[in-house]
Chemist: 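Right, I'll just put the structure down here and ask away after.
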Amino acid sequence: MAYKILEKEEIAPSVHRMVIDAPDVAKAAKAGQFIILRINERGERIPLTIADFEKEKGTVTVIFQEMGKTTKQLAKLSSGESLEDFVGPLGTPADIKKLGTVILVGGGVGVAPIYPQANAYTKAGSKVISIIGARNKDLLILEEEMKKASSELYITTDDGSKGHHGFVTDVMKKILDSGEKVARIVIIGPPIMMKVAAGVASAYDVEILVSLNSIMVDGTGMCGGCRVTVDGKTKFTCVDGPEFDARKVDFVQLMNRLAMYRGDETKAVEKYEEECRCGLH
């Protein structure tokens with residue numbers, strides 16, 4: 001079965017939003033889950049977090065950044081074309097409930113998986129304070145959507161081109177120091193950002209959750225490729241997560257494992273771009 005691409009747009013430099021016709025996935029999807037797609041029958045399987053879903057329309061939205069060969073290949077597809085596989089929803093849904101005040105922190109493309117959580121926590125009756133950040137204003141995504149889904153929205157940029165000049169952790173710490181009673185913080189973004197933000201938040205009496213992006217192959221707990229260490233125990237991100245207690249995650253191991261295949265990934269991109277220049281793609 002082919003999965004048709006209904007919409008495709010570049011929402012920031014090298015960051016793309018894609019709406020897929022996938023009624024079965026949309027029907028079962030919940031905030032915090034992900035899908036695994038394959039472009040064609042010889043393609044690599046890659047996991048992408050579900051950024052949005054509409055059960056009535058039967059659509060699922062994913063947002064991805066051009067990084068490796070497959071995401072670059074995916075970026076070349078247009079609306080009207082199809083994907084070979086679009087499997088999901090996978091992973092344990094986020095633990096959404098009424099909690100009082102929740103801080104959601106999204107960095108870079110990590111804003112995409114934060115967005116459905118903002119909607120879900122708001123619908124559950126929580127006060128949602130969202131903090132989204134990027135290197136500069138051009139790389140910010142889903143700003144308007146996050147504004148609508150949140151009680152309060154704060155923006156940070158590394159270069160000061162929009163919002164607070166600095167990091168998401170600066171704003172998060174200011175809110176925590178203000179005396180606002182916060183029940184939970186959810187942090188999603190690059191591993192180093194999650195590690196630093198979790199470290200800052202750990203000084204406060206608050207629950208801290210992170211959504212991990214470990215290397216993944218089958219997405220069902222069979223291959224063990226996505227293993228992470230949480231509280232000294234081996235967990236599989238695809239079935240035990242992707243959300244974990246940030247205080248218990250071994251971020252150093254996570255980052256080391258993510259870097260294991262960087263050389264191979266670089267070679268694959270170089271080969272693909274050379275083939276594109278030669279007209280082979």
Side-chain angles (χ1 to χ4, degrees), residues 1-9 11 15-68 70-71 73-75 77 79 81-96 106 109-121 123 141-142 145 149 186 188-189 209-228 235-244 258:
M1 176 181 175
Y3 294 86
K4 193 174 181 181
I5 301 166
L6 301 177
E7 295 176 35
K8 156 79 187 317
E9 64 173 326
I11 58 174
V15 179
H16 304 267
R17 172 181 167 272
M18 201 175 258
V19 180
I20 311 296
D21 181 29
D24 290 346
V25 181
K27 186 179 176 182
K30 291 181 180 175
Q33 292 184 294
F34 64 95
I35 57 91
I36 285 184
L37 65 77
R38 203 164 54 130
I39 295 174
N40 52 49
E41 62 182 16
R42 298 189 64 188
E44 175 190 25
R45 296 162 58 87
I46 62 164
L48 293 174
T49 307
I50 294 172
D52 202 1
F53 53 91
E54 292 195 44
K55 296 182 189 293
E56 297 79 16
K57 292 183 180 178
T59 61
V60 175
T61 301
V62 291
I63 290 173
F64 63 93
Q65 185 171 20
E66 292 180 50
M67 298 285 284
T70 299
T71 46
Q73 199 175 354
L74 193 60
L77 298 181
S79 57
E81 294 187 87
S82 297
L83 304 172
E84 180 79 15
D85 294 324
F86 195 81
V87 179
L90 299 168
T92 303
D95 174 36
I96 307 289
V109 186
V111 177
I114 279 288
Y115 172 59
Q117 295 211 25
N119 274 323
Y121 276 111
K123 284 177 185 170
I141 63 169
L142 302 180
E145 290 88 343
V186 182
I188 307 179
L209 300 177
V210 287
S211 184
L212 303 187
N213 58 341
S214 55
I215 291 166
M216 210 171 282
V217 182
D218 72 275
T220 63
M222 296 292 287
C223 73
C226 68
R227 63 187 180 275
V228 291
K235 299 286 184 182
F236 295 149
T237 303
C238 66
V239 289
D240 298 319
E243 223 168 61
F244 294 100
L258 284 169

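Everything numeric here is computed off the predicted structure, so don't read it as measured data.
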Chemist: Could you tell me the separation between the CG atom of Leu48 and the CG atom of Leu74, rounded to the nearest 0.5 Å?
Modeler: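 Atom-to-atom, Leu48:CG and Leu74:CG are 7.0 Å apart.
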Chemist: Write down the atom of Phe86, the atom of Ile20, and the distance for their closest heavy-atom approach.
Modeler: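 Shortest heavy-atom contact: CE1-CG1, 3.6 Å.
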Chemist: Is the closest basic N to carboxylate O distance between Asp85 and Arg38 below 4.0 Å?
Modeler: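 Arg38 and Asp85: salt-bridged.
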Chemist: Is there a side-chain contact between Asn119 and Ile96, using heavy atoms and a 4.5 Å cut-off?
Modeler: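 Asn119 does not reach Ile96 side chain to side chain.
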Chemist: To the nearest 0.5 Å, what is the distance between OG (Ser79) and CD (Glu7)?
Modeler: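 If we round to the nearest 0.5 Å, Ser79:OG and Glu7:CD are 8.0 Å apart.
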Chemist: Thr70 vs Glu44, test: side-chain hydrogen bond (donor to acceptor under 3.5 Å, both in side chains). Steps then yes/no.
Modeler: CA-CA 7 Å; Thr70 299; Glu44 175 190 25; 2.4 Å; yes
Chemist: Find out whether Ile36 and Ile46 are in side-chain contact, i.e. whether some heavy atom of one side chain is under 4.5 Å from a heavy atom of the other.
Modeler: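 In short, these two side chains do not touch, never coming nearer than 4.5 Å.
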Chemist: Are side-chain heavy atoms of Phe244 and Val228 found at a separation under 4.5 Å?
Modeler: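 Side chain of Phe244 against side chain of Val228, heavy atoms only: contact under 4.5 Å found.
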Chemist: To check you understand the geometry: which heavy-atom pair defines the closest contact between Ile50 and Ala29, and what is its length?
Modeler: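 Looking at all heavy atoms of both residues, the shortest contact is CD1-CB, 4.0 Å.
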Chemist: Calculate, to the nearest 0.5 Å, the distance between atoms SG and CE belonging to Cys238 and Met222 respectively.
Modeler: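 One gets 10.5 Å once the value is rounded to the nearest 0.5 Å.
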Chemist: Has the side chain of Thr237 got a donor or acceptor atom that lies under 3.5 Å from a matching backbone atom of Leu212?
Modeler: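 Not a single qualifying donor-acceptor pair exists.
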Chemist: For residues His16 and Glu66, report the shortest heavy-atom separation together with the two atoms involved.
Modeler: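 Shortest heavy-atom separation between His16 and Glu66 comes out as NE2-OE2, 2.7 Å.
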Chemist: Do the non-hydrogen side-chain atoms of Val87 and Ile35 ever get within less than 4.5 Å of each other?
Modeler: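 Counting from C-beta outward, Val87 and Ile35 never come under 4.5 Å.
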Chemist: Is there side-chain contact between Gln65 and Thr71, with heavy atoms separated by less than 4.5 Å?
Modeler: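 Gln65 vs Thr71: side chains apart.
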Chemist: Do other residues, nucleotides or ligands put more than 12 heavy atoms under 6.0 Å from the NZ atom of Lys57?
Modeler: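 Incorrect, the count does not exceed 12.
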Chemist: Please assess Phe236 against Cys223 for the test side-chain contact (heavy atoms from CB on, under 4.5 Å), listing each intermediate value before the final yes or no.
Modeler: CA-CA 9 Å; Phe236 295 149; Cys223 73; over 6 Å; no
Chemist: Could you report the tightest heavy-atom contact between Gln33 and Leu90, atom names first, then the distance?
Modeler: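 Smallest interatomic distance, heavy atoms only, reads CB-O, 3.3 Å.
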Chemist: Are Thr59 and Leu6 side-chain neighbours, meaning at least one heavy-atom pair lies under 4.5 Å?
Modeler: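 Thr59 reaches Leu6 side chain to side chain.
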Chemist: Between Val15 and Ile63, does a side-chain contact (heavy atoms from CB on, under 4.5 Å) hold up when you go through it step by step?
Modeler: CA-CA 7 Å; Val15 179; Ile63 290 173; 3.8 Å; yes
Chemist: Output the distance between atom CD (Gln73) and atom CG (Asn40), rounded to the nearest 0.5 Å.
Modeler: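 Here the interatomic distance stands at 6.0 Å.
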Chemist: According to side-chain contact (heavy atoms from CB on, under 4.5 Å), who are the partners of Glu9, at least two apart in sequence or on a separate chain?
Modeler: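 Per chain and number, Glu9 pairs via side-chain contact (heavy atoms from CB on, under 4.5 Å) with Ile11, Arg17.
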Chemist: Identify, with sequence neighbours excluded, every residue that meets side-chain hydrogen bond (donor to acceptor under 3.5 Å, both in side chains) alongside Thr49.
Modeler: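 Residues passing side-chain hydrogen bond (donor to acceptor under 3.5 Å, both in side chains) with Thr49: none at all.
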Chemist: Let me see the working for Asp52 and Glu145 under side-chain contact (heavy atoms from CB on, under 4.5 Å), right down to the final yes or no.
Modeler: CA-CA 11 Å; Asp52 202 1; Glu145 290 88 343; over 6 Å; no
Chemist: If you take all heavy atoms of Ala149 and Tyr115, which pair is closest and at what distance?
Modeler: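 For Ala149 and Tyr115, the tightest heavy-atom pair comes out as CB-CE1, 4.1 Å.
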Chemist: Contact between Val19 and Ile5 at the side-chain level, heavy atoms closer than 4.5 Å - yes or no?
Modeler: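 A side-chain contact under 4.5 Å is absent here.
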Chemist: Tell me, with the steps shown, if Leu37 and Tyr3 meet side-chain contact (heavy atoms from CB on, under 4.5 Å).
Modeler: CA-CA 10 Å; Leu37 65 77; Tyr3 294 86; over 6 Å; no
Chemist: Would the distance check show the side chain of Lys8 and the main-chain N or O of Leu77 forming a donor-acceptor pair, the cut-off being under 3.5 Å?
Modeler: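 Looks like yes, one N/O pair under 3.5 Å.
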Chemist: Minimum heavy-atom separation for Gly32 and Pro242, please, with both atom names.
Modeler: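 Looking at all heavy atoms of both residues, the closest pair is O-CG, 3.5 Å.
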Chemist: Decide yes or no for Gln117 and Ile188: does some side-chain heavy atom of the first lie under 4.5 Å from some side-chain heavy atom of the second?
Modeler: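 Yes, close enough: below the 4.5 Å cut-off.
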